[in-house]
> 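For reference, the structure I am asking about is given below.
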2 protein chains.
Amino acid sequence: MKDKLKSIAIQLFYQKGYHACSISNIADRAGIQKSSIYYHYINKEELLYDILKETMDDLNKSLHEITTNIEGTEEQLKAIIRNHLNFHMERQKEVIISDSELRGLTADNLRSILRMRDDYDKKIKEIIKKGIDEGIFINRDPRVVTNAIVTMCTQTSTWFNPLGNLSKDEIIDIYTKMIFDGLKIKK
Amino acid sequence: MKDKLKSIAIQLFYQKGYHACSISNIADRAGIQKSSIYYHYINKEELLYDILKETMDDLNKSLHEITTNIEGTEEQLKAIIRNHLNFHMERQKEVIISDSELRGLTADNLRSILRMRDDYDKKIKEIIKKGIDEGIFINRDPRVVTNAIVTMCTQTSTWFNPLGNLSKDEIIDIYTKMIFDGLKIKK
DNA sequence: GTCTATATGTGGATAGAC
DNA sequence: GTCTATCCACATATAGAC
């Protein structure tokens, strides 16, 4: 039931927003009384935190896999982009909640999630830096470059349509080429 | 007072989120009773809609200025990117509300805002298409390319720090170069 | 592990005086 | 244009039975 509640909450927090979705809404859909929810979660925030924590954990784990198993700066960055895009197109609801409902967390929980997010971004920034040092990437502020890449990939969660006429792989291909080579035809 | 209420609402909707911010919160900060708000706005949603509408209006106007006053596909796209970035770094609160609180709108109001947003995106897509036809941009799905560019620029609203050590112009410069030429040093 | 019943607060919104 | 007073619905959360 705890898992069921979580997946209902993901659906409803995504659809209506955390504050617009009540404990009753979740209970109704689970077919239990709202008071029964408090057996599984001490309060509403813990339910939100559980979702955010799991999502960030999974994302960070997938990044760790890549940095330990793939060699070469450019290949690493390509794999990271592919992974980030896949993750955000596959788990659209969770990542949209992660991006818009952090204000629903109290201070400690917020800190914990922000630290995970910072760790993730920092690892990518280090790879960009490495590429600049190795002379394969153009020397531009790594913080800004990282933000640009991460945010554009993250936002696929908001517009990607699994039933649309473009597959995830086609989008990954376009994004990768755009990031590495840009828009313009070189003379 | 109506303007004052709007600017307080922008601040609070941004900080706490639309549903987490009550009419009382806004009234308190304005130094009036909550019932007095209903003299200016018929309900809470109209206040949200007023903010979103004005923001989208301003954004669309600025885009129209560019497409009528600037010649050349590449120069137009550069100006659009510069404008979009400037707008999103200058009006961070409003655009973040625009991006996260659409669910607070009822059907008619939502349709109206979405149409404005679609118009905006469509104009950019047309310019990308034109650049492809003219042989200056690489032939990739214009919808995807537009989304990539627009979303990465929009998200500066979430991380740009006006007090940070990078100016808006420096960020615009980096973004423009990344979009047109990518990350990699060409051999 | 889920139920019924309930406490308590606060939400958006309206009526009518000044 | 702002006030006081009030309505009613619904929010989160708890107590205690089954």
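Proteins get letters first, then strands, A, B, ... in listed order; numbering begins at 1 in each.
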> Between P on C/dG1 and NZ on A/Lys2, what's the gap in Å once rounded to a whole number?
11 Å
> Measure from the side chain of A/Ile32, starting at C-beta and using heavy atoms only, and say which of C/dT2, C/dA13, C/dT6 lies closest.
C/dT2
> Picking from D/dT14, C/dG11, C/dT2, which would you name as closest to the side chain of A/Tyr39?
C/dT2
> Taking the side chain from A/Glu46 and the backbone from A/Ile42, do they hold a donor-acceptor pair closer than 3.5 Å?
yes
> Reckon A/Ser35 touches a base, only the sugar-phosphate, or nothing at all at heavy-atom distances under 4.0 Å?
base
> Can you check whether A/His40 has a side-chain N or O nearer than 4.0 Å to OP1 or OP2 of C/dT2?
yes
> It should be established whether B/Ser24 places a side-chain nitrogen or oxygen under 4.0 Å from OP1 or OP2 of nucleotide C/dT10.
no
> A/Ile23 has a side chain; which of D/dC3, D/dT12, C/dG12 sits nearest to it?
D/dT12
> Within this structure, what is the OH-to-P distance between B/Tyr38 and D/dA5, rounded to whole angstrom?
19 Å
> Nearest to the side chain of B/Met1 - D/dT2, C/dC3, C/dT14?
D/dT2
> What is the distance from OH of A/Tyr41 to P of D/dT12, rounded to the nearest Å?
16 Å
> Quick one: A/Asn43 CG to D/dT14 C1', roughly how many Å, whole number?
13 Å
> Examine distances only and state if a side-chain atom of B/Thr154 and a backbone atom of B/Val150 form a donor-acceptor pair shorter than 3.5 Å.
yes
> What integer distance in Å separates A/Lys34:NZ from D/dA15:C1'?
14 Å
> Give the rounded distance in Å between these two atoms: CD1 of B/Ile26 and C1' of C/dT10.
15 Å
> Figure out the CD/P separation between B/Gln33 and C/dG11, and round it to whole Å.
14 Å
> Assess the pair A/His84 and A/Tyr175: is the distance between their ring centroids shorter than 6.0 Å?
no
> Does the B/Gln92 side chain pair with the main chain of B/Phe160, one donor and one acceptor, at a distance under 3.5 Å?
yes
> For A/Lys2, does the NZ atom have more than 12 heavy-atom neighbours from other residues, nucleotides or ligands under 6.0 Å away?
yes
> What is the distance, to the nearest angstrom, from the CG atom on A/Leu48 to the C1' atom on D/dT12?
15 Å
> For B/Gly31 and for A/Lys44, locate the closest nucleotide of DNA chain D by heavy-atom distance; then report the residue assigned to the nucleotide nearer the 5' terminus.
B/Gly31
> Under 4.0 Å between any heavy atoms, over every strand shown, what does B/Ser36 touch: base, sugar-phosphate, or nothing? Just pick one.
base
